[in-house]
Amino acid sequence: MLASKLVCKTCSQASDVVTDAESGEIICTNCGMVNSNDKAFQVSTAEWRAFDHNQMMDRSRVGMPMTLTRHDKGLSTVIGIPNKDASGKELDDSMRSMMQRLRTWDHRIQVSSPTDRNLARAFQRLEMLRGKLGLPDNVIEKAAYVYRKAQRLGMVKGRTIAATLSASIYVASREAGVPRTLAEIASLSNISHKELSRVYRLIVLNLDLKVPMIDPVKCIAKIANKMEVSEKTKRHAISYMHNVVATGIAAGKDPMGIAGAVLYLSCIQNDEHRTQIDFAAASGVTEVTLRNRCKELHTKLPQLN
DNA sequence: TAAGATAAGAGGGACAT
DNA sequence: ATGTCAGTCTTATCTTA
């Protein structure tokens, strides 16, 4: 357990907040509020205030910020390589060999349990995928959190780390409202779409998550950026999409398919000629699906076409 | 060459057994 | 737990303009 001073948003007290070292859950010691993310708390700013350089140096808290994306949450210390003592003098032979033994154990203790080894490997992979997928830090942290929980529930057993991790990333990006499709994540992490979606459903089920619907308006923005359509068309498409969502046509359909169709029709209306093939590729659906969505929009919302 | 149509097949959710 | 069914999406192929 790690303790720090935070302001709980539930009881508004600057109380001691305890972080569960296992799950990363945050507990307010004043009102007992348990939260799975730190949005319910804000860092108490009072003790950070500094009015001159000396105070600032005095009050700065050194060290890396805590992160869930390392198996030890980035809190461990490591015995360094140079064989020198604190004053910079070379160590004698017996001390030198002792430090070597300590280094060995230092390393063994840090990544010792099977759980830690698993997490270490998973987060190594997470770091690799972060760049490929272009995901912001909050999504990565969230993914690490979801993975820890899944791991604790024994869900990685019998499955690959890669699949569970990728599913965690998908969950995290959905929750953060960053549109990434299952297919995108699957192909970048070299897992089959099928396996990924299976693990994803399992995680949602076992962790009892309520993953929000992907915002179709965000999908519009994503496709529009890829296709480099004009600002005017984009705005047209977004207002169009609001109408579509209001009628409930979008329910049960792939939001990327809908977004692609809406954007395609908006382009036609604004005399921007693009092919269905291009839109299908940018949306990650087939032309047929795109056409079907277009047809539905034509029949169900004729006043907007 | 782009768009439209059709058919077969896969995978998953809802529901009953 | 297992099977069935309706609905969705994909792939492949052919036709139309």
Side-chain angles (χ1 to χ4, degrees), chain A residues 146 150 153-155 157-160 162-175 179-220 222-224 226-230 233 236-237 240-241 243-302 304-305:
Chain A
V146 172
L153 290 171
M155 290 175 56
K157 272 185 199 143
R159 261 173 282 279
T160 59
T164 315
L165 179 72
S166 302
S168 306
I169 295 175
Y170 182 63
V171 169
S173 58
R174 281 281 291 266
E175 292 199 334
R180 290 287 181 282
T181 63
L182 264 173
E184 265 175 301
I185 297 177
S187 79
L188 284 171
S189 52
N190 287 324
I191 330 172
S192 69
H193 184 284
K194 198 169 137 191
E195 172 72 2
L196 180 57
S197 60
R198 198 159 40 207
V199 180
Y200 164 67
R201 275 193 306 278
L202 217 63
I203 287 181
V204 171
L205 203 68
N206 288 358
L207 268 59
D208 201 21
L209 298 171
K210 286 181 190 53
V211 185
M213 176 73 189
I214 293 175
D215 184 356
V217 175
K218 289 200 174 115
C219 296
I220 295 258
K222 187 180 174 189
I223 302 168
K226 263 194 201 171
M227 298 285 297
E228 294 176 350
V229 303
S230 71
T233 306
H236 179 271
Y240 191 168
M241 181 56 98
N243 287 312
V244 173
V245 172
T247 58
I249 296 175
K253 306 278 166 57
D254 182 349
M256 288 299 278
I258 306 254
V262 165
L263 204 55
Y264 172 66
L265 294 175
S266 298
C267 273
I268 293 176
Q269 291 213 338
N270 288 284
D271 292 323
E272 270 191 68
H273 193 74
R274 304 295 172 81
T275 64
Q276 291 183 352
I277 296 174
D278 289 344
F279 274 104
S283 324
V285 297
T286 61
E287 303 149 61
V288 180
T289 304
L290 192 75
R291 277 197 283 275
N292 288 339
R293 294 292 89 79
C294 286
K295 206 156 60 180
E296 270 174 29
L297 294 174
H298 266 120
T299 54
K300 292 184 182 164
L301 281 173
L304 292 169
N305 292 297

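Residue numbering restarts at 1 for every chain, and letters A, B, ... go by the order of the sequence lines.
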State which residues pass side-chain contact (heavy atoms from CB on, under 4.5 Å) with [X]; sequence neighbours excluded, sorted by chain then number.
X      : result
A/K218 : A/P179, A/D215
A/A237 : A/I220, A/V262, A/L263, A/S266
A/R274 : A/M227, A/V229, A/C267, A/E272, A/F279
A/V245 : A/P216, A/M241

Exercise. Only one of A/L196, A/V146, A/L188, A/I185 forms a side chain to side chain contact (heavy atoms under 4.5 Å, CB included) with A/I169, so which one is it?
Worked result: A/I185
Exercise. Who passes salt bridge (Lys or Arg N to Asp or Glu O under 4.0 Å) against A/E195, sequence neighbours left out?
Worked result: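 Applying salt bridge (Lys or Arg N to Asp or Glu O under 4.0 Å) to A/E195 gives A/R198.
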Which whole-number value in Å describes the distance from [X] [atom1] to [N] [atom2]?
X      : N     : atom1 : atom2 : value
A/M256 : C/dT8 : CE    : P     : 19 Å
A/R274 : B/dT1 : CZ    : C1'   : 18 Å
A/K295 : B/dT6 : NZ    : P     : 7 Å
A/I277 : B/dG4 : CD1   : C1'   : 12 Å
A/R293 : C/dC9 : CZ    : C1'   : 8 Å
A/F279 : B/dA3 : CZ    : P     : 10 Å

Exercise. Which is true for A/R198 with a 4.0 Å heavy-atom rule: it touches a base, it touches only sugar-phosphate, or it touches nothing?
Worked result: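 Touches nothing.
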Exercise. In the 5'-to-3' direction, what one-character label does each nucleotide of nucleotides 10-17 of chain C receive under the scheme B = base within less than 4.0 Å of a protein heavy atom, S = sugar-phosphate only, - = no such atom?
Worked result: BBB-----
